[in-house]
Protein chains: 2
Amino acid sequence: MIKKVTIKDIARIAGVTPATVSMALNNRPRIGAETRKKIIKIAGELDYQPDLLARSLICRKSYTIGLVITNIADPFFPELAQGIEEKADELGYSVIICNMNRSMRTVGERIETLRGKGVDGIICATALVDDSPIRKLVDDHFPFVLLNRRHYDPDLSNKIDYVVLNNFSGGYSVVKHLYRLGHNRIAQLAGHFKASTVIERNKGALQAMKDCGIKQTPRLTIGCEYSFEQAYDAAKKLLKMKRPPTAIFSHDDYMALGAREAVLEMGLRIPEDIALVGFDDINTASLTGIDLTTISQKKYEMGELGVKILVEKLEKAVPQLVNHVVLKDRMVIRKSCGYHLTGYVR
Amino acid sequence: MIKKVTIKDIARIAGVTPATVSMALNNRPRIGAETRKKIIKIAGELDYQPDLLARSLICRKSYTIGLVITNIADPFFPELAQGIEEKADELGYSVIICNMNRSMRTVGERIETLRGKGVDGIICATALVDDSPIRKLVDDHFPFVLLNRRHYDPDLSNKIDYVVLNNFSGGYSVVKHLYRLGHNRIAQLAGHFKASTVIERNKGALQAMKDCGIKQTPRLTIGCEYSFEQAYDAAKKLLKMKRPPTAIFSHDDYMALGAREAVLEMGLRIPEDIALVGFDDINTASLTGIDLTTISQKKYEMGELGVKILVEKLEKAVPQLVNHVVLKDRMVIRKSCGYHLTGYVR
DNA sequence: ATGAAAGCGCTAACAG
DNA sequence: CTGTTAGCGCTTTCAT
């Protein structure tokens, strides 16, 4: 590595002190026009690049934010991450990404590393409803915002910013939709039971069942950890039951695709033999031949919004109100549920 | 934000100097067992977390690497990024991600920012064959490795590490395969013409055409910038020609999916009316009903390998040999090319 | 308008 | 074994 040029070098050449160079380069007032011009010229010639690390150390500001997600391989996240990265870039921030999927370290550890590296704030999409690392962030008054999932601690919730979907409504709509198409045995492929998304989608689903007079069958709800493979296995298991479900509500599209493979492999048709509904509306869901009925989430916008809220907290002198954003869910009816064949039957 | 506890605080309480605390906490020798124990205890009680920024500044090492990609929304990249992030995490590094897709800034600018932030090295997947930011990295002896695409400057190439696929062979196989299925008019949906991937896949394709005696028709090759929408449009254009192609070779699966939508929308069948072959083997390609014939790339492994090579450069005292890794391509025959219907006809 | 000096939090050199 | 001193590259007082 070539030795980097510092403000000292520039100062020496310009015959001024490092402080003057610093001020000149940072457009501070009270620097003579001549001096400033000369300094800028020299800096340009030497191809001077400021050491942002040193600047961060003294300013306590790194223009870097940390992003904690569960699994970048799940198509939900790239789109979220894209919104985050692009908005951050626009506002002058970089993002360090932490994919927790197969990390040997815990979320708490990775958050500590992030903080040690001087990130100005954190966006977390892995929160569980009773997460203690989140609690610690609140205690330390460290700036962060939760995306997609929220925290349930009642004492904390008015201190935590979050952007989530109306998951209850999403779950409710799916089951209601399926009920009206004639289904009475609806299975669920769920994620982590301590994720607010799962809890609320499930709550919505159960409420809809109750409202529709469908008997709840706990055995039909299986946790699949957002894994394609686990969803595949779970669907097989479901379909081999003596009284198999007639519809599967998958808590995300990625798992729905896993279930879809299982269904088709068993020689069953979608939607004629088994209806399938997903969640998220990933790109693949809209492909001809997949045609997955699902709940649409504005993932890109959710990411953008998360960054916007975080950066506002970081840059506004007066503390902002706590933001609790609940985005509207929207059902996208395609062909995997059978609506296009029969319409609602009740 | 709560005031952070520093080694000074610990030093004061322990009645030693900051230097001693530093050594004790970093497992340096020459520190009394008693003193060390006391210091560690105090650090624990105060929940001390080192300021890695300060450490980086003095050690000139941040344990952070920069990753520059084109577009995280293209399913090729999440898998690559996953390999990178997970390997980096395993080796103790964090990764700052730069998605160039809609960034207002150039690759060169973003690389400068990355370097300013003190990243130890860079992994770049956006290189064009004559990229000047890459040239600058070489000139500055800054550690980096190229993934997926390489640089063509003959003077530089023995100084640049890269991991790429055998793209020539991939392109060749696709056209040969299509030829043997009876196709004589093969269109290409290409990416950026200054990307080595595109150049080599195209070269392979042209060579195969030559070897097979297929007449080359430049009009049938369209640049689509890896965009789903552009591929969709291009496919429509192609199919509306008076002498449309009978097969489309898309330089990546994502574009192939765009083309697929166009084909199906026009009432044509795949593969009966038009054969379609992609590149990359993204997850969606293997879904039942999509069944895209494609060239498989080990994206996750490519990412891992890139990090491994970079970190070796960073941590080995003696400079390593320059790594030029060319991964083997492998054709995955599914149903979008028609092989399952007719087999090879020549 | 510019220089001098201090210091961010940490580590590395050399003393003691 | 431990303390003192110096300094990474930058910014920010406070003098001049």
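If you're wondering where the values come from, they're calculated on a predicted model, not measured in any experiment.
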Legend entry - Residue pairs fulfilling side-chain hydrogen bond (donor to acceptor under 3.5 Å, both in side chains) with at least one residue in residues 126-138 of chain B, sequence neighbours excluded: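 Listed by first then second residue: A:D47-B:K136, B:D130-B:K194, B:R135-B:D153, B:K136-B:D140.
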
Inset, instruction - Inspect the surroundings of NZ in B:K61 and state if more than 12 heavy atoms from other residues, nucleotides or ligands are less than 6.0 Å away. - result: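 Yes, NZ of B:K61 has more than 12 neighbouring heavy atoms, counting only those of other groups under 6.0 Å.
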
Would you classify [X] as touching base, sugar-phosphate or nothing, given that sugar-phosphate means primed atoms plus P, OP1 and OP2, and contacts are heavy atoms under 4.0 Å?
{"X": "A:L57", "result": "base"}
{"X": "B:G118", "result": "nothing"}
{"X": "B:G15", "result": "sugar-phosphate"}

Inset, instruction - Indicate whether OP1 or OP2 belonging to C:dT2 is found under 4.0 Å from a side-chain N or O atom of A:R36. - result: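 It does not, given that no N or O in the side chain of A:R36 lies less than 4.0 Å from OP1 or OP2 of C:dT2.
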
Legend entry - Sugar-phosphate or base contact per nucleotide [nucleotides 10-16 of chain C; S, B, -; heavy atom under 4.0 Å]: BBB-B--

Legend entry - Pairing residues for B:I40 by the side chain to side chain contact (heavy atoms under 4.5 Å, CB included) criterion, not counting sequence neighbours: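 Residues passing side chain to side chain contact (heavy atoms under 4.5 Å, CB included) with B:I40: B:L25, B:R36.
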
Legend entry - Among D:dT2, D:dT4, C:dA1, the nucleotide that comes nearest once only the side chain of A:T35 is considered: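 Side chain of A:T35 sits closest to C:dA1.
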
Inset, instruction - Take atom CG of B:L53 and atom C1' of D:dT11, then tell me their distance rounded to the nearest Å. - result: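 Rounded to whole Å, this separation is 14 Å.
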
Legend entry - A:L25 CG to D:dT12 P, straight-line distance once rounded to whole Å: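 Interatomic distance, CG of A:L25 to P of D:dT12: 13 Å.
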
Legend entry - salt_bridge(A:R110, B:E85) N-O dist < 4.0 Å: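 Judged by the 4.0 Å cut-off on N to carboxylate O distance, A:R110 and B:E85 do form a salt bridge.
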
